Structure formats: C-alpha cells, structure tokens
Amino acid sequence: MSGISGLRTWVAERPPAAGTAVMATGVISIGLRLAGVEVVSRIFLVPACLAWLTLAATFAVRLAGQRGRWAEESRDPAALTAVAATAVLGTRISLLGVQPLAEALLALAALLWPVLLVSVLRNWGRRMPGAVFLCCVATQALAVLAATLAGAEATAWLAHAALVLFWLGLLLYALALPRFDSRQVLQGPGDHWIAGGALSISALAGARLISADSARLYLWNKDDSGVLHQVTAILLVLDLACYAVLVLAELARPRTRYGLLRWATVFSMGMTATATLAVSAALNVSWLSGPGKVLVWVAVAVWLAAAAGAMLAARAGHRGPRETGAPDVTSTARQ
C-alpha cells in the first residue's frame with residue numbers, strides 16, 4: 001500500500017514542465033526513424049508512451065480533484081507541454097501506421113490547445129524564460145501531426161488546417177520573441193533552448209506540409225508551394241544558427257547540474273536534428289541528410305545524459321526543479 005501511495009504522491013507532484021521529457025523522447029524517436037534506425041526508434045517510443053501516460057494521469061488527477069491547482073498551473077507556459085507532447089507522440093504513432101490512434105491524439109491535443117493557449121497568453125509577462133516559446137511549439141506540433149495525417153490519409157482539409165496552424169505558430173513566435181529574457185541564453189537552466197526548438201518544429205511543420213502534397217490532393221499551387229519552400233528553408237537556417245549560438249553559450253557558461261528543464265534542451269536538440277532530416281527530404285537537399293543524422297546521435301547522447309541525471313536525482317530524493325537547482329517556471333514567468 002505504501003508503494004501505491006508513494007506512486008500517487010509522485011504523480012501528483014509532477015510539475016507542468018515534466019511534459020518536456022515526453023516531447024524530448026518522442027521527437028528523438030521520430031528523428032531516429034527519419035535517420036533510418038527503426039529498431040532504436042521503436043525502443044525510444046516505449047518510454048515516450050509510458051511518460052505520456054504519466055503526464056495524462058497527472059493532468060486528469062489535477063483536473064478532477066485539484067481544480068484550483070489546475071487553474072493555477074494552466075497559466076504557466078509549461079502547461080502547453082501537454083499539447084505539444086500529445087501531438088509529438090501522435091506524429092510518431094502516425095509514422096508507425098496506426099492512424100486511428102494518431103487521430104485520437106490529434107483530437108485530444110486540439111481540444112486542449114485553445115483552452116491552455118488562451119490561459120497562457122492572458123498571463124504573459126515581461127522578461128520571460130524560454131518557456132514563453134511553447135505557445136509556438138504547441139501550435140506547430142498540432143500542424144506537424146495534422147500534416148502528417150493529411151499525407152498518410154490523403155485528407156485535404158487536414159492539410160489546410162495544418163497550414164493555418166503553421167502561420168499562426170510563426171505569428172506566436174514573433175509575439176513571444178520580445179518577451180524572452182535574452183539573459184537566459186547564458187543563465188538559463190535548459191528551457192532557453194526552446195527559442196531554437198520553436199524554430200525547428202516550425203521548419204518541420206513546413207516540411208511535413210510540403211511532403212503532404214501529392215497527385216491525389218493538389219494542395220498548393222506554384223506560388224503557395226514556392227512560399228512554403230522558401231519559408232521552410234529560412235526557418236531551418238535560422239534554427240541551425242540559433243543551435244550554434246546556444247551551444248557556444250553552453251560552452252562559455254557550462255551548466256552541468258541536472259534539472260527538469262534540461263529536457264527542454266534535449267527536445268530542442270532532437271527537434272533540430274529531426275527538422276534537418278525532414279527538410280532534406282522535402283526540399284530534395286540530399287547533403288543535409290548527413291549533418292541531420294549526426295545531430296540525431298548528438299541528441300541521443302544528450303538524452304542519455306539527461307536520463308542519467310534524472311535517475312541520480314530521483315535516487316537522491318529530488319523532486320522537481322526547485323530541488324535540482326532549476327528555477328520554478330511559474331515564478332520566473334511572472335517576474
């Protein structure tokens with residue numbers, strides 16, 4: 001009984017930012033599949049599913065029995081990890097060929113998205129951490145899943161809905177950028193990487209939209225297709241530049257202590273790798289495939305380091321970002 005009680009307590013204590021672990025694991029599974037390493041990709045899919053079930057249980061417990069806490073946490077930008085994690089997992093499941101389950105995850109993510117997005121936007125402040133870009137990430141994650149399903153099932157309306165979400169995601173990035181505290185690049189505990197992760201998932205959304213078109217659908221005319229190609233290429237270039245800047249900042253100011261927000265770093269690195277491979281295929285830029293595969297394995301190495309840090313922290317009795325040296329996202333966002 002004590003074990004069950006302890007498990008319930010652990011689930012109840014999970015902060016909203018825990019969703020970044022699901023996002024990180026799911027996107028690395030996608031990246032490994034695009035890199036042609038299907039067996040390892042499926043291995044990563046298992047913990048991604050288990051972590052998502054934990055996230056879903058936490059969300060349900062809060063919504064059913066802790067409405068006040070749920071309402072408070074829904075104002076935190078990190079709450080949008082619930083949408084992004086669900087959509088990322090749905091994309092991987094769609095690539096696995098299990099479309100009904102992917103559609104169910106899309107419906108769930110789409111149901112949560114407007115509620116959480118409005119709550120987060122109403123409580124935006126100034127000088128916010130990298131989590132401010134989760135408004136873009138969650139929106140683009142929906143676009144990626146919708147475009148992936150549109151391509152798999154030849155459903156035109158899903159592709160057009162994904163295109164609307166794609167442009168909305170870019171708008172949200174533009175709105176979030178002035179609110180981002182640039183000092184986080186040198187001081188942030190990990191979630192500052194989402195500034196780049198939002199660009200990479202936007203590039204991935206563009207690549208999936210381009211790939212969704214086919215002779216059966218005729219989604220985009222030449223002008224629309226040309227714009228999509230150009231914007232997608234620009235987003236990837238910006239993302240790779242941001243990736244380089246963030247790596248240099250990590251080398252200049254090493255932050256080696258594990259914290260929950262480090263999963264946002266893993267997610268962003270994995271998303272850059274995945275976007276590079278997806279854009280390489282969508283735009284027929286074959287030379288990008290090699291760097292994309294290298295970046296996938298770099299992301300895997302960082303994932304393993306984060307997983308080891310999480311296990312050591314758990315063994316030491318740490319629970320959440322406050323105990324591991326990372327600041328609370330909610331309090332930081334309100335500064």
Side-chain angles (χ1 to χ4, degrees), residues 20-52 84-85 87-99 102 137 140-141 143-145 147-149 151-152 193 196-212 229 232-233 235-244 246-247 262-308:
T20 54
V22 186
M23 294 159 57
T25 310
V27 79
I28 287 180
S29 179
I30 296 171
L32 286 166
R33 185 187 187 282
L34 295 181
V37 195
E38 182 66 23
V39 173
V40 183
S41 171
R42 294 192 181 198
I43 291 173
F44 270 87
L45 179 58
V46 174
C49 290
L50 294 175
W52 183 87
V88 167
L89 183 62
T91 298
R92 180 61 187 95
I93 288 173
S94 178
L95 294 174
L96 199 63
V98 188
Q99 307 309 340
V137 170
Q140 297 290 18
V144 170
L145 177 52
T148 301
L149 282 169
W193 275 79
L199 290 171
S200 56
I201 197 171
S202 298
L204 177 61
R208 298 309 298 178
L209 283 165
I210 293 168
S211 299
H229 279 70
T232 299
L235 286 169
L236 182 63
V237 170
L238 291 174
D239 172 46
L240 292 172
C242 189
Y243 187 102
L246 290 168
V247 168
R262 268 304 177 191
W263 286 107
T265 304
V266 183
F267 162 75
S268 299
M269 296 181 78
M271 186 56 75
T272 295
T274 301
T276 302
L277 290 170
V279 171
S280 173
L283 302 186
N284 295 315
V285 186
S286 58
W287 63 266
L288 276 175
S289 178
K293 291 177 180 178
V294 171
L295 290 175
V296 166
W297 290 112
V298 170
V300 169
V302 177
W303 186 94
L304 291 172

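Owing to the predicted nature of the structure, the values given are computational and were not obtained by experimental measurement.
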Please walk me through it: do Val22 and Val88 pass side-chain contact (heavy atoms from CB on, under 4.5 Å)? CA-CA 8 Å; Val22 186; Val88 167; over 6 Å; no
Please test Met269 against Trp303 for side-chain contact (heavy atoms from CB on, under 4.5 Å), starting from the C-alpha separation and ending with a verdict. CA-CA 9 Å; Met269 296 181 78; Trp303 186 94; over 6 Å; no
For Lys293 and Val37: C-alpha separation, side-chain torsions, deciding distance, then whether side-chain contact (heavy atoms from CB on, under 4.5 Å) applies. CA-CA 10 Å; Lys293 291 177 180 178; Val37 195; over 6 Å; no
Determine, stepwise, if the pair Met271 / Val137 fulfils side-chain contact (heavy atoms from CB on, under 4.5 Å). CA-CA 11 Å; Met271 186 56 75; Val137 170; over 6 Å; no
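Side-chain contact check for Leu246 versus Trp193: some heavy-atom pair is nearer than 4.5 Å. With contacts defined as side-chain heavy-atom distances shorter than 4.5 Å, the pair Phe44/Val300 qualifies.
For the side-chain contact (heavy atoms from CB on, under 4.5 Å) criterion with Arg92, the lone passing option out of Val27, Leu45, Thr25 is Leu45.
Taken to the nearest 0.5 Å, the CG atom of Leu277 stands 8.0 Å off from the CG atom of Leu295. Note that the CG atom of Leu204 and the CG atom of Leu209 stand 9.5 Å from one another [nearest 0.5 Å]. Here the CD1 atom belonging to Ile201 is positioned 12.0 Å from the CG atom belonging to Leu235, to the nearest 0.5 angstrom. Thr272 contributes atom OG1, which lies 3.5 Å from atom CG of Asp239 (distance to the nearest 0.5 angstrom). From Arg33, atom CZ reaches atom CG of Leu96 across 7.5 Å, with rounding to the nearest 0.5 Å.
Side chain of Ser202 to backbone of Ala198: a donor-acceptor contact under 3.5 angstrom is found. Between the side chain of Ser94 and the backbone N or O of Gly90 there is no donor-acceptor pair closer than 3.5 Å.
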List, one per line, each side-chain donor-acceptor pair under 3.5 Å for residues 282-292, sequence neighbours excluded.
none

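Here the closest non-hydrogen pair linking Val266 and Ala306 is CG2-CB, 3.9 Å. Across all non-hydrogen atoms, the minimal contact from Ser268 to Ser200 is O-OG, 4.2 Å.
Scored by the side chain to side chain donor-acceptor pair (under 3.5 Å) test, Thr232 finds no partners at all (sequence neighbours excluded). Thr274 is linked by a side chain to side chain donor-acceptor pair (under 3.5 Å) to nothing, counting only residues two or more places apart in sequence or in another chain.
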